[in-house]
Amino acid sequence: MVRGINKANICDDNEDKARFLERLGQNVIEGKCSVYAWVLMDNHVHILFKSGKHGISAVMRKQLTWYAQYYNRRHKRRGHVFENRYKSILCDEDNYLLALVRYIHLNPLRANIVKSIEELDRYSFCGHRTIIGKAKNPWTDTDYVLLQFGSTRRKGLAEYRKFMREGVGLGHQPELTGGGLLRSLGGWSQVIAKRRSGKKEEGDDRILGSGDFVHAILKETEERELRQLKIKRSGKTIQKVIDEECKKARISPLEVMNGVRRRAVSHLRAAIASRGRNELGLSSAEMARHLGVAASSISRLIEKREVK
């Protein structure tokens, strides 16, 4: 989810929306992500991703950086277009995929941009039209969505349409816009019942799923952080990583840190950045200070290296 700064528009007309979606498609395909649902409103966008090998951060960074430059150039303005960083929530696919597809695709109806499902069928800036076959967007995984509703495309489409119609009267569903304990348990009554019984359930605002799902994700994150902490406690630092990699490549650390752009030096920076993130858990900004490049370049370096 990403919004315009101070609730301002991120798209002023259909041309802006078309350009946004064209570029999104390119970035999704390059990032090898799957998109199941999306809607582009005047002042915000919702996208339901299944991330590729490198996550969604590289896709969103490319998308929002490019679009902000395009928007400012076209409309002769300066400054930020988006409100801070995009907001991402990790979702339990088994329990929330279909509910999220419907919630996202009904956005134009809830906002009174369209008045009926029939109008939504013709609305160009929502993934619903792609799902029902009225538009072609190869970066939207239509088949995967329809297979959740039936073993054949025809049956799946009929059940999808029925499912969408059943959701028209549901209105805004805050339980689908964030994580936390309340979402994990399915309501306050369940939270209170758990507390009375003395049972503990995990919740996290960044995760939309059951307590077991939240626990599994947090455990995985904790194990990764513990591995990184163990490496740090062994005395490993980014400077030591730089020295090790430079020694192997027979390149002076000064070339790395002084911004030299030779191809061999760029490849070396990518190796160092990858280790810095995976072994030490360092931020792009922290690594950039040691590698003689802008923070925005770090993700690109890592992505190019790991694609290979």
Side-chain angles (χ1 to χ4, degrees), residues 1-4 7-29 33-50 56 60 63 67 86-89 91 93 95-178 208:
M1 295 171 279
V2 64
R3 297 184 179 277
K7 300 182 179 180
N9 282 356
I10 59 174
C11 296
D12 286 1
D13 54 29
N14 288 350
E15 183 176 347
D16 284 345
K17 291 178 180 177
R19 294 297 300 276
F20 185 97
L21 294 175
E22 179 185 6
R23 189 55 159 235
L24 178 63
Q26 294 173 9
N27 289 331
V28 165
I29 291 170
C33 299
S34 296
V35 172
Y36 301 135
W38 55 271
V39 65
L40 179 55
M41 309 291 277
D42 288 344
N43 65 356
H44 69 279
V45 59
H46 290 265
I47 309 169
L48 181 59
F49 277 99
K50 186 169 190 177
I56 66 169
M60 293 303 292
Q63 179 70 21
Y67 185 78
Y86 64 90
K87 178 182 179 183
S88 61
I89 298 170
C91 305
E93 181 178 338
N95 293 317
Y96 286 96
L97 174 67
L98 299 186
L100 287 166
V101 168
R102 180 167 67 182
Y103 180 78
I104 290 170
H105 284 169
L106 286 177
N107 253 263
L109 199 59
R110 287 195 302 273
N112 292 316
I113 294 171
V114 299
K115 305 299 182 183
S116 65
I117 288 289
E118 289 71 27
E119 283 191 43
L120 187 63
D121 290 351
R122 300 187 296 272
Y123 187 65
S124 299
F125 305 111
C126 176
H128 169 77
R129 190 164 179 253
T130 305
I131 298 295
I132 64 173
K134 299 290 186 182
K136 291 184 178 180
N137 286 305
W139 47 273
T140 303
D141 199 341
T142 300
D143 290 340
Y144 187 83
V145 174
L146 292 180
L147 281 174
Q148 309 307 307
F149 293 94
S151 56
T152 66
R153 182 178 179 83
R154 184 175 180 179
K155 184 176 180 181
L157 182 57
E159 291 299 315
Y160 168 79
R161 281 189 169 280
K162 179 182 177 183
F163 182 68
M164 289 292 288
R165 290 185 183 280
E166 290 171 350
V168 170
L170 294 177
H172 181 63
Q173 295 174 267
E175 69 274 16
L176 296 180
T177 58
L208 179 59

Under-4.0 Å salt bridge between Glu118 and Arg165: yes
Working to the nearest 0.5 angstrom, can you tell me the gap between Asp12 CG and Lys17 NZ? 10.0 Å
Considering only heavy atoms from C-beta outward, does the side chain of Asn14 approach that of Phe125 to under 4.5 Å? yes
Between Tyr123 and Arg129, which heavy-atom pair has the shortest distance, and what is it? O-CD, 3.4 Å
Would you call Leu97 and Val145 a side-chain contact if the rule is heavy atoms closer than 4.5 Å? no
Nearest-0.5 Å distance, CG of residue Asp16 to CD1 of residue Ile10: 9.5 Å
Hey, does Asp121 have a side-chain heavy atom less than 4.5 Å from the side chain of Arg161? yes
Could you state the interatomic distance from CG (Leu120) to CD1 (Ile132), rounded to the nearest 0.5 Å? 7.5 Å
Side chains of Trp139 and Leu21, heavy atoms from C-beta outward: is any pair under 4.5 Å? yes
Distance, nearest 0.5 Å, that separates CE of Met164 from CG of Leu106: 4.0 Å
If you look at every heavy atom in Ile104 and Pro108, which pair is closest and at what distance? O-CD, 4.3 Å
With side chains defined as the heavy atoms from C-beta onward, is the minimum distance between Thr142 and Arg153 less than 4.5 Å? yes
Indicate yes or no: at least one non-hydrogen side-chain atom of Met41 is less than 4.5 angstrom from one of Ile113. yes
Pairwise side-chain contact, Ile47 with Leu24, heavy-atom cut-off 4.5 Å (strictly under): yes
Taken to the nearest 0.5 Å, the spacing of Arg3 CZ from Asn9 CG works out to 12.5 Å
Measure from NZ or CZ of Arg23 to the centre of the six-membered ring of Tyr67, then state whether that distance is under 6.0 Å and the direction lies within 45° of the axis. no
Output, in order, the C-alpha distance, side-chain angles, deciding distance and verdict of side-chain contact (heavy atoms from CB on, under 4.5 Å) for Asn107 and His44. CA-CA 11 Å; Asn107 253 263; His44 69 279; 3.7 Å; yes
What are the two closest non-hydrogen atoms of Ser116 and Leu109, and how far apart are they? N-CD1, 3.3 Å
Could you tell me whether Tyr160 and His128 have their ring centroids closer than 6.0 angstrom? yes
Distance under 6.0 Å and angle within 45° of ring axis: Arg110 vs Tyr103: yes
Indicate yes or no: at least one non-hydrogen side-chain atom of Val28 is less than 4.5 angstrom from one of Trp38. no
How long is the straight-line distance from NZ of Lys50 back to CG of Asp141, given to the nearest 0.5 Å? 9.0 Å
